[in-house]
Amino acid sequence: MPELPEVETIARGVDARVRGDRIAEAWFSTYREPFKTPAERQAKGLEGRSFLAVHRTGKHIVCELSAAQWTPQSAADGARPAPDAQWIVHLGMTGRLLLTTPNEAVVKHTHARLRLESGREIRFVDPRRFGRLEFRELKAGDGFRGAGQEPLTIDAASFRSLFRGRKLAIKAALLNQSLLTGVGNIYADESLFRAGIRPRRQAGLLTRTELERLRKELSVVLEHAIQLGGSSVSDYVDANGVRGFFQLEHCVYMRTGEPCRRCRTPIKRILLAGRGTHFCPTCQV
DNA sequence: CATTTCACCTGGTGGC
DNA sequence: TGCCACCAGGTGAAAT
């Protein structure tokens, strides 16, 4: 489900609710697939640790943890301990991270439950099991880092250099997480529409002007989507179970055959890099 | 190395 | 109602 705006929305929601809270007990399902770290090791590492902060890196939700006791209300910022571990959540296609109470019914495909001392509970639910959970102890401040650059902060020159000399289609390049991190199928299609660029165009042959337009439009569309709480295409909800509204603003994604919002030409769907790809044959050249 | 294809999963939808 | 094909927000391994 989740691309940068959805992950950002979820991370913010979780952060606001769990800062300073301590994990009393961690439970994991017996499925092996979602765990990059074995369940027992994750549970052991998580139990007793407190949340310092939760933030987004690319499509990953990164929870900064500390074994030291810490209460945000009573401690000055300087007194906040350095993180000594991280819990890293990748939601895959259908993953959800929900804040609940312990007595709420446990839905099918729940793979992790973290009971917190405040009485809240964090649940990881993922029907397709493409999501991944990882626990890592931090050695000398070497936190998790995505391979690619953040699309919201990258400058024009760095953005251009990502695509220089590349023969693959610009859409495929946008989806490559070791170039840019956080862009997925929805926002690749939407940003290319807004920049007026066909998805099949060779990345290395785009002009400087086109690339700068793409960088700006990508940033604008991601920011706008964050404002609206992300896109709820099927069952995406934020940490509080609230749906996003950006799907109402989609210009091309999943609008095959519907009229372009700008020129009324029917939106076309092709297969590119194995993904459904949507564009306006008139507005995008 | 760069690029493409496919497997990994479950569930929803639409055609017959 | 059932069966089946196809589609879905992602990625990483294997093939080219």
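The chains referred to below are lettered A, B, ... by the order of the sequence lines, with proteins before strands, and numbering in each begins at 1. Since this is a predicted model, take the numbers as computed values, not measurements.
Side chain of R17(A) to main chain of G13(A): no donor-acceptor pair is present (N/O by atom type, distance under 3.5 Å, no hydrogens or angles).
Between the CG atom of D126(A) and the C1' atom of dA8(C) there is a distance of 13 Å, rounded to whole Å. Atoms OH (Y253(A)) and C1' (dG9(C)) sit 6 Å apart, rounded to a whole Å. K108(A) places its NZ atom 4 Å from the P atom of dG11(B), with the value rounded to the nearest Å.
Looking at the side chain of M254(A), the nearest of the listed nucleotides dG11(B), dG10(C), dA8(C) is dA8(C). Checking dG9(C), dT3(B), dG11(B) against every side-chain atom of P127(A), the shortest atom distance belongs to dG11(B). Minimum atom distance to the side chain of R166(A) is reached by dT3(B), of the listed dG10(C), dT10(B), dT3(B). The nucleotide whose nearest atom lies closest to any side-chain atom of R129(A) is, among dT4(B), dT11(C), dT10(B), dT10(B). Comparing dG11(B), dT4(B), dT11(C) by their nearest atom to the side chain of L168(A) picks out dT4(B).
Across all strands, G274(A) comes closer than 4.0 Å to no nucleic acid atom at all (heavy-atom distances). When heavy atoms are screened at a 4.0 angstrom cut-off, Y187(A) is found touching no nucleic acid atom at all.
The ring of F130(A) does not lie on top of the base of dT11(C); it is either too far (5.5 Å or more) or too tilted (30° or more).
In plain terms, the two heavy atoms of E150(A) and T181(A) that are nearest each other are OE2-CG2, 3.8 Å.
Each of I270(A), N185(A), D189(A) was scored for a side chain to side chain contact (heavy atoms under 4.5 Å, CB included) with R275(A), with one residue passing: N185(A).
In this structure, dC4(C) forms a base pair with dG14(B), meeting either the Watson-Crick or the G-U wobble geometry with both donor-acceptor distances under 3.5 Å. Checking dC9(B) for Watson-Crick or G-U wobble geometry (two distances, each under 3.5 Å) identifies no partner in any strand.
A salt bridge between R123(A) and E121(A) is present, with a side-chain N of the basic residue lying under 4.0 Å from a carboxylate O of the acidic one.
Residue-to-nucleotide contacts include a donor-acceptor pair under 3.5 Å from the side chain of R128(A) to the base of dA8(C).
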